[in-house]
Structures are given as C-alpha cells and as structure tokens.
**Student:** 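Before I ask anything, let me first share the structure, which is written out below as structure tokens.
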Amino acid sequence: MHKDRITVDGDLGPVPGEYDIAIIGGGPGGYVAAIYGARQGARVVLIEKDTPGGTCLNRGCIPTKALVRTVEVYRTMQEAARYGCRGENIQVDFGRAMARKNRVVAGLVRGVKSLLDTNGVTVLPGRGRLVDNKTIQVTTNEAETLIKAKHIILATGSEPMRLPIDGATGENVIDSTQALELEELPESMVIIGGGVIGMEFAFIFARLGVKVTVIEYLDEILSLIDSDLSHEVFRSARTAGIKIHTSAKVTSIMEGEDGKAIVAFEHAESGEPFPEVSGEKVLMAVGRRPFLEGLGATQIGLELEANGRGIKVDEIMQTSIENIYAIGDVTGKLMLAHVASHQGLVAMDNILGRKYVMDYHGVPNAIFTDPEIATVGIREEEAKVLGKTVKVGRFPFAGNGKALTLGMSRGFVKLITEPDTGIIIGGGIVGPGATDLIGEVTLAVQHRLTAEQVARTIHAHPTLPEAIFEAAWAAESGALHLAD
Ligand code: NAI
C-alpha cells in the first residue's frame with residue numbers, strides 16, 4: 001500500500017521499533033492523523049491502550065447518537081396518530097436498544113482498525129509514556145517495549161470531571177461512560193450540569209421514560225450557545241418533562257434510605273438552599289479534562305497551559321518541544337472530535353513539511369438535543385460583547401414546506417453577517433436537521449461567502465436547506481416566504 005517513502009527530516013529508516021512518527025492515542029485525532037501520515041508513505045505507529053476510535057466512537061458521539069436514533073423512532077411511533085398511522089402498545093426494549101448501539105460502535109471500530117491496517121499503520125496496543133523526546137515506553141499487562149520516533153503526536157484525549165464534593169464517588173453516581181453501559185433504565189436520574197453532555201442525555205433518558213432533573217450552575221442551560229437558540233431547547237425540555245434548576249450549585253450527594261441518591265444544592269449566588277432532589281442515578285456532566293495521566297509529559301519538560309490543563313501548543317499544534325505535537329482534547333482547546341481530526345491533519349502536514357495552520361473561525365458545533373442545535377462562527381451575543389455591529393437574517397422553520405411535512409416546524413435559522421460586506425461570519429440553527437444543515441453555513445463562514453451568494457444559490461425544493469436560503473434573503477433584502 002505504501003507509496004515511495006517520504007523522508008521525514010533525518011529519517012530513522014525502516015528499523016524495527018523505529019518510526020518516522022509515533023502517535024499516542026487512537027481517537028478521532030490520533031487515528032485520522034495516523035492514516036493521513038501513512039498514506040503519504042511515513043512509517044507511523046499508533047499506540048492505543050484501549051479500543052481504536054477513542055471517546056467519540058466508543059463512549060461519546062457515536063453511541064449517544066445511536067440512542068438518540070432509538071428515541072426518535074420511539075417518539076415517532078408514539079406520535080403515529082399525528083401522521084395518520086395507527087400503532088398500539090408501543091414500547092422500548094432498552095436491552096435491545098443498547099445492543100444495537102453496541103453493534104453500531106463495533107462496526108465502526110472494525111472499520112477504523114481495517115483502515116489503519118490497509119494503510120500500513122503499525123498499531124501497538126498498550127499505554128504510551130514519554131521517556132524522552134524521541135523515545136516512548138509502551139506498557140501492556142505482559143510486556144514493556146521501547147520504541148523510537150523522529151516525531152511524536154500526543155492525542156490522549158480527555159476524561160470526565162467529578163465535582164470535589166461529598167458523595168461524588170458514590171455508587172449511584174455515574175459519568176457519561178457509565179451512563180452508556182447501563183443495563184436497565186433507572187426510574188429517575190439527576191443530571192449535574194446542563195451543558196452539552198447533560199442536555200443530550202437528559203433528552204435521551206427523559207424520552208425513554210426516566211424522570212430527569214437537571215441541575216445547572218449557570219443561569220441557563222447550554223450557556224455557550226445564543227439564548228434564542230437554547231431557549232427553544234429549554235422549552236422543549238420542559239415539555240418532555242425534564243425538570244431544570246438553573247443558578248444552582250450542587251453541594252453534596254448522599255445515599256437515602258431507599259438506596260436512591262439525594263442531591264443537595266443551593267442558589268449559586270445567594271447560597272440559599274433549594275429543596276433536595278433524589279434519583280436512582282446521578283449523572284455527573286460537569287465537563288471533561290485533558291487526560292495526561294502516566295504520559296510523562298511534564299517529566300520530559302513539556303509546557304502545559306497556564307491553568308495546568310492541557311498541553312500547550314501553537315497554531316501548527318507544535319508543543320514546547322520541537323518534534324512533539326499535541327492534538328485534540330489533551331490540548332484543552334475545543335473538545336470536539338472534528339476539531340481533533342483537523343488538528344491531526346495540520347500537525348501531520350507540518351511534520352511532513354507542509355505549512356498549514358489551525359484556523360478555528362469556522363468550527364461547527366452540533367448538539368443532539370431535541371430539537372437539535374448547531375452553530376458556527378461568531379455568536380450574536382458574542383458580537384454584542386465585542387461591540388461588533390452585525391446584521392442578522394432569521395427564518396423560522398414554520399415557513400419551510402419540508403419542515404411542515406415532517407411535522408417538525410419548531411425552531412429557526414439565523415445567519416450573522418457583516419453589514420457593510422454582507423459576508424456571513426456566523427450562524428445558528430435550532431430545529432429539524434440542524435446538525436446536518438450547519439454544513440452549508442460552515443462552508444459559507446469558512447470561505448467568507450456573502451448572504452447574497454447564498455441567496456443566489458438554487459436550493460432544492462422542498463428541503464430544509466431552503467431555510468438557510470431564506471435566512472440569507474432575510475439578511476439581504478427580506479425573506480421571500482415571510483411577511484415583513
Ligand atoms: P460542558 O462544559 O458543556 O457543561 C458542563 C456544565 O456543568 C456547564 O454548564 C457548567 O456550568 C455545569 N456545572 C459545572 N459545575 C457545576 C456544579 N457544581 N453544579 C451544577 N452545574 C455545574 O461540559 P460537558 O457537557 O461535560 O461536555 C464536555 C465536553 O465534551 C465539552 O467540551 C463538550 O463540548 C464536549 N461534547 C460535545 C458534544 C457535541 O458537540 N455534541 C457532545 C458531548 C460532549
């Protein structure tokens with residue numbers, strides 16, 4: 001499969017145990033970089049202590065989306081009468097739903113392994129530790145091996161954080177990984193943290209019949225999203241029976257007499273206690289932190305970010321040691337799979353002598369709540385804080401034919417443009433297909449397209465992307481299918 005081998009600055013040559021590039025961590029950052037490098041003829045070794053695919057494939061994006069799909073099917077069946085269909089005795093078989101989720105994951109893991117294999121990446125199972133800037137110790141239960149590499153990419157990812165409060169490590173307190181391994185649906189669940197993980201799980205479990213309470217420290221859920229978008233999800237969460245407490249700080253978790261966990265919390269500012277809530281399970285979703293344990297990063301002198309979290313990197317993903325790069329969650333930047341993959345390509349390009357820099361201005365966010373939310377580029381609220389004047393074109397899905405046929409007409413698209421040039425610098429979508437639709441807006445933001453260019457692009461009818469087309473018109477002279 002290898003093309004002619006490239007020479008990576010002082011190539012070590014095809015000696016066993018010696019590689020051009022060693023990558024520690026096989027998530028969407030590490031494995032994509034490995035395939036990309038190997039395709040160009042570099043001798044690449046990928047060290048992975050677990051299953052290739054990392055958090056995203058094994059314990060994050062993919063399994064949660066498989067469950068989101070189960071919930072969608074269930075909900076559609078429950079609402080069958082709305083569509084003129086009849087269905088009776090509709091139930092969820094949680095065991096089967098989890099088994100399907102596991103099959104989806106297993107299929108993708110097989111795919112990743114096969115891609116690594118066919119592209120000639122050497123995969124070393126085991127835990128990697130930096131011995132010096134060119135040597136890695138790989139440890140398995142049975143053996144320790146030393147390998148050498150001219151360049152190293154660190155892609156060890158992140159791990160869930162636990163609040164430093166009493167009861168945080170209790171038996172009923174789980175993190176997102178354990179939530180994906182539940183064998184039975186709990187009757188009730190308290191979710192600490194109304195961020196992305198908290199709200200995605202809140203909808204999954206609530207729709208499956210679990211009594212869900214979300215406790216969020218800040219004054220709103222999904223705080224990094226414009227409020228007009230997150231309010232749609234907030235309202236929908238209420239309708240789904242999810243209880244949400246905001247401006248609420250969890251202080252302790254105790255075990256009640258009935259075996260349930262009792263969560264005590266207080267007003268985040270005044271400290272006034274709220275009535276406690278109890279749940280069969282407590283899901284801790286208060287953020288993730290870079291995974292550096294046992295990596296030997298500081299021992300070999302790698303600089304960390306000022307907050308101590310994450311390996312410090314520059315715009316080409318190079319660390320403070322010249323031949324070592326770091327990508328993905330371990331850098332403590334944007335913890336998103338697609339960002340990790342892109343950072344991996346940038347790191348690999350630079351190792352292979354091509355000068356690409358990481359550009360974060362067009363990074364899409366996709367949140368799989370119900371309705372979905374997706375954003376890219378500058379936020380409207382962020383523009384206000386920065387004192388930047390923007391023009392916003394909005395279009396509601398209620399005016400989109402396809403959304404009405406789907407019976408999903410809640411939500412809207414908004415495009416944020418520069419008033420003088422009409423260039424689209426950001427966008428947000430809440431509603432049907434938002435996480436897929438954001439692709440078009442991302443292309444526009446990344447390539448600095450104007451609202452006029454999008455408005456003058458023929459969009460197929462009847463489709464959801466027409467809502468983007470209409471929002472572009474709204475940012476220009478007015479949406480066509482909306483009264484002024
Ligand atoms: P997050 O930072 O999105 O949310 C954590 C939430 O917990 C915040 O809203 C925070 O205010 C709250 N919190 C912190 N301390 C608290 C306390 N004592 N009491 C109550 N609430 C408290 O982190 P999350 O949801 O754990 O996700 C971790 C990372 O994974 C994020 O970077 C996220 O972007 C990424 N991710 C992305 C997904 C996507 O793009 N679809 C899906 C899942 C995760």
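Just so you know, these numbers use all the heavy atoms, side chains as well, and skip hydrogens, waters and symmetry mates. When a ligand or atom number is given, it counts from 1 through the structure's own listing order.
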**Student:** With a cut-off of under 6.0 Å to the ring centre and 45° to the axis, is K49 in cation-pi contact with F291?
**Tutor:** yes
**Student:** Throw together a table of side-chain donor-acceptor distances under 3.5 angstrom for residues 381-388, partners on residues two or more places apart or in other chains.
**Tutor:**
residue, atom, partner, partner atom, Å
E381, OE2, S227, N, 2.7
E381, OE2, S227, OG, 2.9
E382, OE1, R379, N, 3.0

**Student:** Could you point out which residue of H342, Q343, E315 forms a side chain to side chain donor-acceptor pair (under 3.5 Å) with Y360?
**Tutor:** Q343
**Student:** Does anything in residues 328-349 form a salt bridge (Lys or Arg N to Asp or Glu O under 4.0 Å)? List the pairs, not counting sequence neighbours.
**Tutor:** D349-R354
**Student:** Mind checking what makes side-chain hydrogen bond (donor to acceptor under 3.5 Å, both in side chains) contact with R238, not counting sequence neighbours?
**Tutor:** none
**Student:** Are there any N/O pairs under 3.5 Å between ligand 1 and the protein, and if so, what are their distances?
**Tutor:**
residue, atom, partner, partner atom, Å
ligand 1, 3 (O), V196, N, 3.3
ligand 1, 9 (O), E216, OE1, 2.6
ligand 1, 9 (O), E216, OE2, 3.1
ligand 1, 11 (O), E216, OE2, 2.6
ligand 1, 21 (N), Y217, N, 3.1
ligand 1, 25 (O), V196, N, 3.2
ligand 1, 25 (O), I197, N, 2.8
ligand 1, 26 (O), G287, N, 2.8
ligand 1, 40 (O), A366, O, 3.2
ligand 1, 41 (N), E200, OE2, 3.0
ligand 1, 41 (N), A366, O, 2.6

**Student:** Identify the heavy atoms of G128 and I47 that sit nearest to each other, and give their distance.
**Tutor:** N-CG2, 3.9 Å
